[in-house]
Every structure is written in C-alpha cells, then in structure tokens.
**Student:** 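Quick one: this structure, given as structure tokens, is what I'll be asking you about.
On a predicted model such as this, the values are computed, not experimentally measured, just so you know.
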Amino acid sequence: MENIRNFCIIAHIDHGKSTLADRFLEITGTIEKREMTHGQMLDMMDLEQERGITIKLQPVRMEYQGYILNLIDTPGHVDFSYEVSRSLAACEGAILVVDATQGIQAQTLANLYMALGHDLKIIPVINKIDLPAAEVNRVKDEIENTLAISRDEVIEVSAKTGHHIPELLRAVIDRVPSPTGGGLRKQLAITNDDETKALIFDSKYDSYRGVVAYVRVVSGSFKKGDKVRLINTKTDMEVNEVGYFKPKYKPADILLPGEVGYIVTGLKSVHEASVGDTIWKGALVETQNFASLPTAPTALPGYKKVLPMVYAGIYCIDSNDFPYLRDSLEKLSLNDASLTYEPDHSPALGSGFRCGFLGLLHMDIIQERFEREYDLKLIMTAPSVSYEVTLQKGAVERISDPSRMPDPSYINTIAEPWVKVEIVTPKNSVGAIMKLVQGKRGIYKNLTYLDTERALLLFEMPLATVIIDFHDSLKNVSSGYASMNYEFIAYRTEDLVKLDFLIAGDLVESLSFMCHRTEAQSMGAQIAKKLKEVIPKAQFAIAIQAAIGGKVVARETISAFRKDVTGYLYGGDITRKRKLLEKQKKGKQRMKAMGKVNLPQEAFQVILKKD
C-alpha cells in the first residue's frame with residue numbers, strides 16, 4: 001500500500017477540474033493522446049460535455065514514476081454533495097482547484113470544508129495562469145487569508161497547456177499519505193485484516209452484469225467467487241468479477257487493501273448497493289452462513305439514505321406515450337438510486353408520475369434525458385419541496401405534493417425545510433443581495449470580506465424560495481458575478497397555506513403550491529396575471545382565480561372570442577340583430593358550462609417565475 005495514492009479533484013463549476021484530469025491521463029499514459037478525441041475524457045455523458053459540468057463521478061487508475069495514483073473526478077454541483085462526500089471518504093488527499101481569473105467561489109469553500117471534515121491533505125492549485133486576465137498573486141492572497149493555507153504550498157498550473165502538471169503529480173506523491181497512514185483506516189484504527197471491508201462510493205447498473213459497485217478497499221482483499229454481504233441493506237451475494245478503471249473496466253485477479261476498483265455484484269437494482277454502504281467478508285464466511293455469525297459486522301461510517309429535496313410531476317403531452325414514460329423511468333432509476341417516483345393522476349394533465357430529485361439541476365438532467373434518450377415530450381409541473389405536517393391528533397406526515405395536503409382543520413402545524421446559503425459576491429452587490437434575500441424570507445447571519453473587492457455572505461432561507469428562481473435573480477442583481485452554495489439545516493414551523501388555482505371554475509391541482517400566508521394574496525395576483533397571458537382565448541370567457549381553501553384572493557378574466565353574427569344583415573328591424581345576439585349569448589353560456597381549457601406548458605412554467 002505504500003506506493004498507492006488515492007486523491008480527488010474538487011473545484012467550483014468551470015474552474016478547469018475536468019481539463020486538469022485530461023492532462024493527468026495524458027502525461028501518465030493512461031490514455032494515448034491519439035485516443036483523446038475530445039476534452040473532458042472522464043465526462044462520459046454527452047450532457048456533461050455540452051454543459052461543461054461533471055454530473056457523474058468517474059474513477060481512474062494511473063501509474064506514474066512507480067506509484068499507483070487513483071483519481072476520483074467528482075461532481076461539482078451542490079445537488080450531488082452526498083456523492084462527493086462518499087468520494088472524499090475513499091481518498092487521503094484532494095486537489096483544490098481555483099480559477100486564476102475568478103478566485104474563490106462559494107462551491108470552492110463548500111468542497112474545502114467537506115474535504116477538511118474527512119481529514120484529507122489539501123493541495124491548493126491555481127489554474128488558468130496562461131489567460132491574460134489571470135491574477136495569480138491576488139488569488140494566492142485569497143487562498144492564504146480565507147482558507148488559511150500558506151501561499152508557498154500553492155502550485156500554479158495551466159491545465160490547457162500542461163504547464164507544471166508533472167510538478168503537480170509529484171506533489172500528489174510527496175504530500176498525500178498512503179492508505180496505511182490516513183483515510184478510513186486511520187479513522188477506524190483497523191488492525192484486523194481478517195475482516196474484509198470496502199466502502200461503496202458509487203454504483204452503476206450494467207444491462208449484462210447487473211450492478212457494478214465502485215469501491216475503496218479498507219481492509220482485507222476481494223476476489224472473484226467471494227461470498228460477501230452488504231451490511232446496511234443486508235443483502236448477500238457472490239462476487240462475479242473485480243477490477244479497476246483505466247478508465248474503462250479492466251478485470252483483475254484481486255483487489256488489495258487501499259485500492260480503488262469495482263466489484264460486479266450481479267444485483268438487479270442500485271438500491272440494493274447504495275452509495276455509502278459497506279461490503280463485508282468475515283473470517284468465517286467460507287464455512288459459515290451469515291445468519292449464524294456470533295456478532296453482527298459493523299458498517300463503515302457515513303452511510304445514509306439519500307432523500308429527495310425537490311419534487312415535481314411529470315406528464316406526457318400525448319397520453320399514448322404514458323407506457324413509454326413508465327418504462328423509461330424504470331430504466332433511469334436502475335442507474336440512479338436518488339430518483340424516486342410514484343404514479344400520479346391530474347384531471348387537467350392525465351396520468352403521470354410524481355418524482356423526487358436531489359435538486360433543480362438533477363431534475364433538469366432527468367427531463368433532458370427523457371427527451372433525448374427516449375424521445376418523450378413532457379410537461380413538468382413547478383418544483384416543490386416536502387413539508388412535515390403535524391396533525392391535530394399528533395401524527396406527523398411528510399407531504400411533497402401540495403394537492404395532497406390535508407384539510408386545514410386537521411392540521412396543527414406545517415414545517416418546511418430551511419437551508420444555510422453561502423454567497424460570494426463583489427462588494428458593490430452586497431446591498432442588492434441583502435434586499436433580494438429579505439424578500440425571500442431569508443435571515444441574515446454573517447458578512448466576511450475575502451479581500452478588498454469581494455465578500456462572503458451567510459444567510460438562512462426556506463428551501464422553497466431558493467429552488468424556484470433565486471439563482472437567476474442573484475445573477476441579475478450581481479451582474480453575473482455572484483456564486484452560491486446551500487446546505488440543508490432543519491425543518492422549521494412556519495405559517496404556511498396552500499394556494500390553489502381555478503381555471504374556468506375547475507381546480508387545477510398541478511398549479512397548487514405552498515407559500516407563506518403573508519405572501520399569498522400578492523403571489524396569487526401575480527401568477528393569475530401571468531396565466532392570463534399564456535392561456536389561449538376560447539369561445540367563452542375564462543375565469544382565473546387564486547384561492548386559499550374556499551376564499552378567492554385574486555382573479556383575472558380572459559375575454560371570449562366574439563364572432564360577428566350580425567355582419568351579413570343589410571337592413572330590416574333591429575329585433576333581428578337582437579335575436580341573433582341573444583342566441584349567441586345563450587350558446588356562450590352553454591360553452592362556458594361544458595367547455596374545457598387546455599393548459600399549455602407555459603402555464604406551469606410561470607410558477608417558476610413568481611417575481
């Protein structure tokens with residue numbers, strides 16, 4: 001294990017993390033230069049390459065100067081923070097990349113604190129030093145003052161040109177401890193190698209081999225044919241294959257202590273091999289059944305069941321596509337344990353599913369994969385969060401769909417999720433951001449100046465106000481320079497109500513959402529006005545009403561088309577015109593009683609823009 005180095009790269013979005021990984025692969029000869037047909041080789045999905053962000057982590061094993069370097073390229077977005085935390089748990093070191101033109105951003109700080117929490121050796125790197133706008137000395141000062149890391153430890157590189165990349169690889173070998181001196185073994189003080197354990201930091205479903213678990217071996221070794229147990233899910237299985245990443249699967253005879261690799265489990269769902277679970281093989285496993293073991297094995301720390309933070313309804317524009325939607329959801333969930341779904345039905349939208357996501361980016365990715373990979377045209381309702389509802393009898397229910405909220409007479413209290421929000425911004429935008437956050441029911445906590453030009457703001461806010469349009473508003477008031485990161489705190493009791501919308505007298509449950517009582521009337525009026533603009537006219541007048549329970553708090557009316565039924569008359573008694581107009585009026589009344597309004601996708605998108 002002395003010649004093994006396990007490390008990851010952490011950075012804010014677009015600071016050059018994936019490009020740096022490309023240079024590592026090229027210099028170590030892991031991938032031939034002629035095979036590098038595009039940038040960001042570890043970003044396997046088309047969406048990742050198009051958007052320039054890492055969505056799915058990817059490990060790779062490199063060999064350099066007699067050392068084995070296991071790199072884990074982690075996602076950079078807050079939605080995947082748990083996946084990042086398990087990747088950090090599989091490492092002993094982390095390269096912290098900071099853009100020479102942008103400096104420290106919110107996600108930089110969040111990732112650093114997470115890495116320090118896992119006791120990792122941090123190697124600070126300033127990237128993009130070849131750009132004309134690079135301010136290396138200023139960024140070094142930021143790193144020293146904000147992160148308390150000496151400027152002498154900082155390595156200046158250009159991932160694009162390869163400048164100083166060999167020196168960075170040498171720093172990884174010299175500074176990052178081997179698996180014997182750090183990481184999970186150090187935390188647990190494991191000395192008994194007869195008990196074999198490995199941490200699952202990711203898992204992927206393969207159509208031919210079942211679930212492939214990405215693991216870091218903590219103690220002992222694994223080989224094909226071993227009988228093992230997943231401790232948290234209590235699943236027993238036999239190892240079908242082991243190996244490591246180059247970056248494609250490369251089978252091996254055995255996985256040794258300290259190594260990062262994969263184990264083919266043969267399981268049929270990633271829910272059975274969840275991220276953070278422990279693969280265990282006891283000393284008596286070959287001769288004894290798991291059920292008869294004298295003591296239960298202890299799992300490695302850090303496992304938790306990932307719960308969705310954002311919920312939305314998904315419906316097909318063409319109702320005939322519903323079977324394809326169901327099949328595609330089943331296939332996507334095979335590879336994504338964090339995606340949850342249950343059948344749902346809306347009178348306005350038909351049959352669909354209520355889905356849970358880690359965040360807005362996760363939701364956006366899933367929707368785009370539906371449209372690209374399965375050619376489905378979908379309507380997605382406005383995202384919402386889950387609420388903890390305490391009933392009068394004392395029972396507590398967690399409800400993610402506002403349409404399923406109990407009658408107010410049965411409710412004692414409603415609690416909503418709150419998050420800690422960190423915002424890094426130029427100092428001249430501080431006042432505008434404070435005003436923006438106060439308008440979102442945020443609570444100011446702290447202000448720290450990173451240098452003479454930039455500040456770090458700390459707030460506490462309801463998650464529901466963050467996921468809707470806060471990021472866009474933040475970019476607007478800061479001219480695009482502010483960055484943010486948020487972290488869940490707890491559920492807090494608030495005075496919340498369900499705001500319903502009635503279109504032509506019919507309740508459209510898919511438009512309902514929860515809001516604070518003091519904001520209900522103004523928000524109802526704003527959304528009713530926007531719905532008036534996007535709902536097409538009909539042959540009858542359409543009433544748009546916002547209501548809390550049975551009380552209407554706002555109303556707009558879409559006027560009807562009017563056909564000129566008297567245009568062909570060229571004379572005669574006025575009673576002829578009155579007769580035709582009266583007949584038209586009665587016809588419109590019948591249409592109003594029987595007519596239905598078809599809501600376009602834009603009607604649900606206006607909920608995303610409440611301001």
Side-chain angles (χ1 to χ4, degrees), residues 10-13 74-86 88 96 104-118 142 146-148 302 304-311 338 357-363 383-388 398 414-427 429-450 454-475 477-478 481-494 496 514-516:
I10 54 179
H12 188 78
I13 295 173
T74 59
H77 197 273
V78 63
D79 286 4
F80 311 106
S81 58
Y82 176 64
E83 191 174 273
V84 174
S85 75
R86 294 302 85 208
L88 296 177
L96 178 68
I104 295 172
Q105 301 291 305
Q107 196 67 39
T108 312
L109 295 171
N111 287 329
L112 173 69
Y113 297 152
M114 197 182 299
L116 292 175
H118 287 85
E142 278 190 7
T146 307
L147 309 183
K304 68 177 182 179
K305 187 176 180 180
V306 181
L307 297 176
M309 297 296 290
V310 176
Y311 296 84
S338 58
F357 309 93
L358 295 176
L360 285 185
L361 176 65
H362 188 211
M363 183 180 81
S384 64
V385 300
S386 62
Y387 298 88
E388 287 189 349
R398 181 164 291 185
I414 302 176
E416 64 176 341
W418 278 64
V419 292
K420 179 179 71 174
V421 180
E422 294 177 323
I423 299 173
V424 175
T425 180
K427 65 178 183 180
S429 301
V430 169
I433 290 175
M434 285 190 170
K435 183 178 179 181
L436 171 67
V437 173
Q438 288 173 359
K440 303 287 187 180
R441 295 194 288 129
I443 301 173
Y444 166 78
K445 303 301 290 186
N446 194 24
L447 168 63
T448 305
Y449 282 94
L450 303 178
R454 296 199 305 154
L456 171 63
L457 291 159
L458 181 62
F459 299 96
E460 292 181 357
M461 298 176 62
L463 177 60
T465 64
V466 174
I467 66 170
I468 299 299
D469 63 345
F470 180 72
H471 185 263
D472 292 342
S473 301
L474 179 65
K475 291 295 184 181
V477 300
S478 66
Y481 289 105
S483 62
M484 64 170 284
N485 181 72
Y486 63 88
E487 178 185 353
F488 173 73
I489 303 174
Y491 279 85
R492 295 180 180 176
T493 300
E494 299 287 341
L496 303 173
M514 302 296 295
C515 65
H516 199 271

**Student:** Before you tell me yes or no, could you show the steps for Thr108 and Val424 under side chain to side chain contact (heavy atoms under 4.5 Å, CB included), namely the whole-Å CA-CA distance, both residues' side-chain angles and the distance that decides it to 0.1 Å?
**Tutor:** CA-CA 10 Å; Thr108 312; Val424 175; over 6 Å; no

**Student:** About how many Å separate CG of Leu456 and OH of Tyr449, when rounded to the nearest 0.5 Å?
**Tutor:** 11.5 Å

**Student:** Measure the CD1-CD1 distance between Ile423 and Ile433 for me, rounded to the nearest 0.5 Å.
**Tutor:** 5.5 Å

**Student:** For Tyr311 and Val385, which heavy atoms make the closest approach, and how far apart are they?
**Tutor:** CD1-C, 4.2 Å

**Student:** If you take all heavy atoms of Tyr481 and Pro426, which pair is closest and at what distance?
**Tutor:** CB-CG, 3.5 Å

**Student:** Out of Arg492, Arg441, Lys420, which one pairs with Glu460 under the salt bridge (Lys or Arg N to Asp or Glu O under 4.0 Å) rule?
**Tutor:** Arg492

**Student:** Verify, without hydrogens or angle tests, whether Lys475 (side chain) and Ala482 (backbone) share a donor-acceptor contact under 3.5 angstrom.
**Tutor:** yes

**Student:** Any idea which heavy atoms bring Val310 and Gly359 closest together, and the distance?
**Tutor:** CG2-CA, 3.8 Å

**Student:** So Met514 and Ile414, side chain to side chain contact (heavy atoms under 4.5 Å, CB included) or not? Walk me through it.
**Tutor:** CA-CA 10 Å; Met514 302 296 295; Ile414 302 176; 4.0 Å; yes

**Student:** For Leu457 and Val430, work out which heavy atoms get closest and say how close.
**Tutor:** CD2-CG1, 4.1 Å

**Student:** Could you list the residues that satisfy salt bridge (Lys or Arg N to Asp or Glu O under 4.0 Å) with Lys427, not counting sequence neighbours?
**Tutor:** none

**Student:** What heavy-atom pair brings Thr465 and Pro462 nearest, and what distance separates the two atoms?
**Tutor:** OG1-O, 2.8 Å

**Student:** Can you find a pair of side-chain heavy atoms, one from Phe459 and one from Met434, that are under 4.5 Å apart?
**Tutor:** yes

**Student:** Could you give the distance from OG1 (Thr146) to CG (Leu109), rounded to the nearest 0.5 Å?
**Tutor:** 7.0 Å

**Student:** Can you name the closest pair of heavy atoms from Ala11 and Asn111 and give their distance?
**Tutor:** O-ND2, 3.2 Å

**Student:** For the CD atom of Glu142 and the CD1 atom of Ile104, what is their distance to the nearest 0.5 Å?
**Tutor:** 5.0 Å

**Student:** Roughly how far, to the nearest 0.5 Å, is CD of Gln105 from CE of Met484?
**Tutor:** 13.0 Å

**Student:** Should the heavy atoms of other residues, nucleotides or ligands under 6.0 Å from OH of Tyr82 be counted, would the total exceed 12?
**Tutor:** yes

**Student:** After noting the C-alpha distance and the side-chain angles of Leu360 and Met363, does the key distance pass the side chain to side chain contact (heavy atoms under 4.5 Å, CB included) rule?
**Tutor:** CA-CA 5 Å; Leu360 285 185; Met363 183 180 81; 3.9 Å; yes

**Student:** Under the rule for side-chain hydrogen bond (donor to acceptor under 3.5 Å, both in side chains), what residues qualify as partners of Glu422, not counting sequence neighbours?
**Tutor:** none

**Student:** Once rounded to the nearest 0.5 Å, what's the spacing between atom CD1 of Ile467 and atom OH of Tyr486?
**Tutor:** 7.5 Å

**Student:** Give the C-alpha distance, both sets of side-chain angles, the deciding distance and a yes or no for side chain to side chain contact (heavy atoms under 4.5 Å, CB included) between Leu147 and Leu96.
**Tutor:** CA-CA 11 Å; Leu147 309 183; Leu96 178 68; 3.6 Å; yes

**Student:** Identify whether the distance between the nearest side-chain nitrogen and carboxylate oxygen of Arg398 and Glu388 falls below 4.0 Å.
**Tutor:** yes

**Student:** Is there a side-chain contact between Phe357 and Pro308 (heavy atoms, below 4.5 Å)?
**Tutor:** no

**Student:** Report yes or no: does Ser483 contribute a side-chain atom to a donor-acceptor pair with the main-chain N or O of Ala106 at less than 3.5 Å?
**Tutor:** yes

**Student:** Are Trp418 and Glu494 close enough that some pair of their side-chain heavy atoms sits under 4.5 Å apart?
**Tutor:** yes

